[in-house]
Amino acid sequence: MANIKLGYAPTRRSIFSAPDAVKYRGLTADRLRELSVDFVDITDVNDEGLLYDEEGRKKIAEKFKREKIDGLLLAHCNFGTEFECARLAKELNVPVLLWGPLDERPDENGVRLRDTQCGLFATGKVLRRFGIPFTYLKNCNLEDECFAEGIDRFLRVCNVVKAFRNTRVLQISTRPFDFWSTMCNEGELLEKFGIQLSPIPMPELTQAMKDVKENSPEEIKEVTDYCREKMCIKVTPEQLDNVAALKIAMTRLGKKYGCNCGAIQCWNALQDEIGIMPCAANALCNDEGFPIACETDIHGTITSVLVEAAAMGETRSFFADWTVRHPYNDNAELLQHCGPWPISIAKEKPTIDTPVAFDCSGSLMAQAKDGEHISLVRFDGDNGEYSLLLGNAKTVDGPYTKGTYMWVEVENLDRLEDKLVQGPYIHHCVGVHQDVVPVLYEACKYIGVTPDLYDPIEEKVKAIIRGEKVEK
């Protein structure tokens, strides 16, 4: 599970009740603790522990920077001081959650103590004036289900933004010549998003494998023992050792270059060098949260980073091809790849064997487990514009095929097919057994990518984000 740290900045305005603001700053902090949120408080900044003036704002900014917060909660404990909220958010450059507790009715004398909702309207406008993207969670009670859900969703958004802004890709060799669809603009990824590539030639990988074999027999045995326990083995002992050595080598190279994901030229030069497909080794890395994309698909592995972050490590993602239509379900499609999907998402005990398109062993064979709320995602771009394809699917029955696979049904396959062909997308996507669409949709506003829903569900997604009760 990822650890995301919030900066908790409760705010008030002087003309409304300061005691009530202090009361609600405490109640909100207590509720965050109940929800096991890791947050940095500001009780040491002034006697009230509230944001309302410039002197306090400067101290809060210094503290939050020192604590390296990943997101900012602007909790309006009464009307709030909108310009101080905006100044603080501008300086910190992290995702912002704007929220305030539901106001009470006026008292018997007609006096209103907080006017929190009114302040939220004001702060939203000033944040826009400052050019600050923010997430809004509706004016609700601390005990409401939507508050807990909104905090959880915002933490996931923060995790996506943090992962995206710190992505470094281990690029193992060039893309295969035939895969013009997976070309990317390395300079543009760095200039636009700060995403770094760490390219290495194929000989560096094979040398790393050689070093593993010569110097780390215990590590190889640990991996091969795991494979024998978790998989049906239909490869030779030598080939299984190569799977283990490749997995260990890629993991080490990822650490050496400070990478959080990778992409490999999985055919055909690699097979000539090491005698196996890399799929099973990829699967082992993917299960450990170090996603490896096939065919040197840089945009594909970036997609995996986003999806894994949105899922908060609760389940692993899988890198798939859109392949063929279902033989009798007009809205169903086969998601498949040679065999790199994580063992943890398999419906059955996987087998290491030979994939459908190659005469070389080292790929997993397994149908993925069923799911009613699969998310399918693709980060991609061309001509300087980038977007994130987003949508949901559910698994359905379908014919057996080799490799790692699942049959999925979407609302309208014709519409999705057209979107994939028209682009900027290709035949690759990343899936996960969790509905992360609202999280990724909201995260797009912070990472400078356009969300692109392949079903007309934008209003539903927005309703979920703002805390409305929506039927799934």
Side-chain angles (χ1 to χ4, degrees), residues 1-2 149 152-153 155-157 159-160 163 230-231 261 279 282-294 300-323 326 329 331-350 364-379 388-398 400-401 403-411 413 416 428-443 453-455 457 460-461 464 470-472:
M1 290 288 290
E149 291 177 347
D152 176 74
R153 189 163 41 249
L155 293 173
R156 292 169 184 267
V157 168
N159 199 36
V160 171
K230 300 292 184 180
M231 310 172 194
C261 62
C279 311
N282 290 356
L284 293 167
C285 289
N286 292 340
D287 243 332
E288 293 181 356
F290 184 67
I292 305 284
C294 312
T301 198
I302 293 169
T303 310
S304 297
V305 169
L306 295 170
V307 170
E308 294 268 331
M312 296 290 274
E314 294 168 351
T315 183
R316 297 267 75 99
S317 66
F318 54 93
F319 182 80
D321 273 358
W322 299 100
T323 54
H326 197 284
N329 184 333
N331 285 315
E333 175 86 6
L334 175 64
L335 294 181
Q336 187 267 353
H337 227 287
C338 297
W341 295 5
I343 301 166
S344 59
I345 69 161
K347 188 176 185 178
E348 57 203 9
K349 191 171 185 178
L364 288 190
M365 309 288 152
Q367 183 178 4
K369 63 186 179 182
D370 294 331
E372 284 291 316
H373 303 290
I374 307 291
S375 297
L376 301 174
V377 185
R378 173 73 188 181
F379 167 83
L388 191 67
L389 184 68
L390 292 165
N392 297 115
K394 64 178 181 180
T395 55
V396 293
D397 292 335
Y400 164 78
T401 189
T404 42
Y405 75 98
M406 69 164 62
W407 291 91
V408 296
E409 182 181 49
V410 297
E411 183 179 302
L413 184 57
L416 172 57
H428 289 164
C429 70
V430 175
V432 68
H433 288 76
Q434 197 176 100
D435 184 3
V436 297
V437 171
V439 171
L440 291 172
Y441 178 91
E442 186 67 7
L453 296 159
Y454 60 73
D455 288 326
I457 57 171
K460 176 182 175 181
V461 169
I464 290 170
V470 176
E471 285 189 20
K472 294 186 177 180

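Keep in mind that this is a model prediction, so the values were computed, not measured. The residues of the chain are indexed from 1 along the displayed sequence.
- For the pair V377 and L440, the minimum side-chain heavy-atom distance is below 4.5 Å.
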* Please test H373 against V437 for side-chain contact (heavy atoms from CB on, under 4.5 Å), starting from the C-alpha separation and ending with a verdict. => CA-CA 10 Å; H373 303 290; V437 171; over 6 Å; no
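- Side chain of N286 to main chain of N282: a donor-acceptor pair is present (N/O by atom type, distance under 3.5 Å, no hydrogens or angles).
- In this structure, the side chains of L413 and E333 come closer than 4.5 Å at one or more pairs of heavy atoms.
- Counting only distance, with no hydrogens or angles, the side chain of S375 and the backbone of Q434 share a donor-acceptor pair below 3.5 Å.
- Listed for the W341 side chain is a donor-acceptor partner under 3.5 Å among the backbone atoms of F319.
- Distance alone, capped at 3.5 Å, is enough to place a donor-acceptor pair between the D287 side chain and the I343 backbone.
- Using the six-membered ring where Trp is involved, Y400 and Y405 have ring planes that are perpendicular, over 60° apart on the 30 and 60° scheme.
- Contact check for Y441 versus L390: side-chain heavy atoms found under the 4.5 Å cut-off.
- A 4.5 Å side-chain heavy-atom check between S304 and C261 finds every atom pair outside the cut-off.
- A salt bridge does not link R153 to E442: none of the charged side-chain nitrogens sits closer than 4.0 Å to a carboxylate oxygen.
- Y454 approaches A393 most closely through the heavy-atom pair OH-N, 4.3 Å.
- Nearest heavy atom pair, residue H433 against residue T315, reads O-CG2, 4.1 Å.
- Counting heavy-atom neighbours within 6.0 Å of K369 NZ, excluding the residue itself, gives a total above 12.
- Using a 4.5 Å heavy-atom cutoff, the side chains of L364 and P340 are not in contact.
- A pairwise comparison of heavy atoms in G431 and L376 identifies CA-CD2, 3.9 Å as the closest pair.
- Put simply, the side chain of N331 never gets that close to the backbone of E409: no donor and acceptor are under 3.5 Å apart.
- No side-chain heavy atom of V408 sits under 4.5 Å from any side-chain heavy atom of V396.
- Across all non-hydrogen atoms, the minimal contact from A311 to V432 is CB-CG2, 4.3 Å.
- The CZ atom of R316 lies 7.0 Å from the OG atom of S344; values are rounded to the nearest 0.5 Å.
- If you take CG on D370 and CE on M406, they are separated by 8.0 Å, rounding to the nearest 0.5 Å.
- Looking at heavy atoms from C-beta onward, T404 lies out of side-chain contact with Q336 at the 4.5 angstrom threshold.
- With hydrogens and angles ignored, the 3.5 Å screen pairs no side-chain donor or acceptor of R156 with any backbone N or O of V439.
- From L306, atom CG reaches atom CG of N159 across 10.5 Å, with rounding to the nearest 0.5 Å.
- Looking at residues two or more places apart in sequence or on another chain, you find a side-chain contact (heavy atoms from CB on, under 4.5 Å) between D455 and E411, R415, I457.
- Heavy atoms only, all atoms of each residue included: V160 and A443 are closest at CG1-CB, 3.6 Å.
- Between H428 and H337, the distance separating the two ring centers is shorter than 6.0 angstrom.
- In this structure, the side chain of T323 engages the main chain of L334 through a donor-acceptor pair within 3.5 Å.
- The two residues K394 and E372 make their nearest non-hydrogen contact at CB-O, 3.7 Å.
- Proximity of a side-chain donor or acceptor of T303 to a complementary backbone N or O of F379 within less than 3.5 Å is detected.
- Using a 4.5 Å heavy-atom cutoff, the side chains of F318 and V430 are not in contact.
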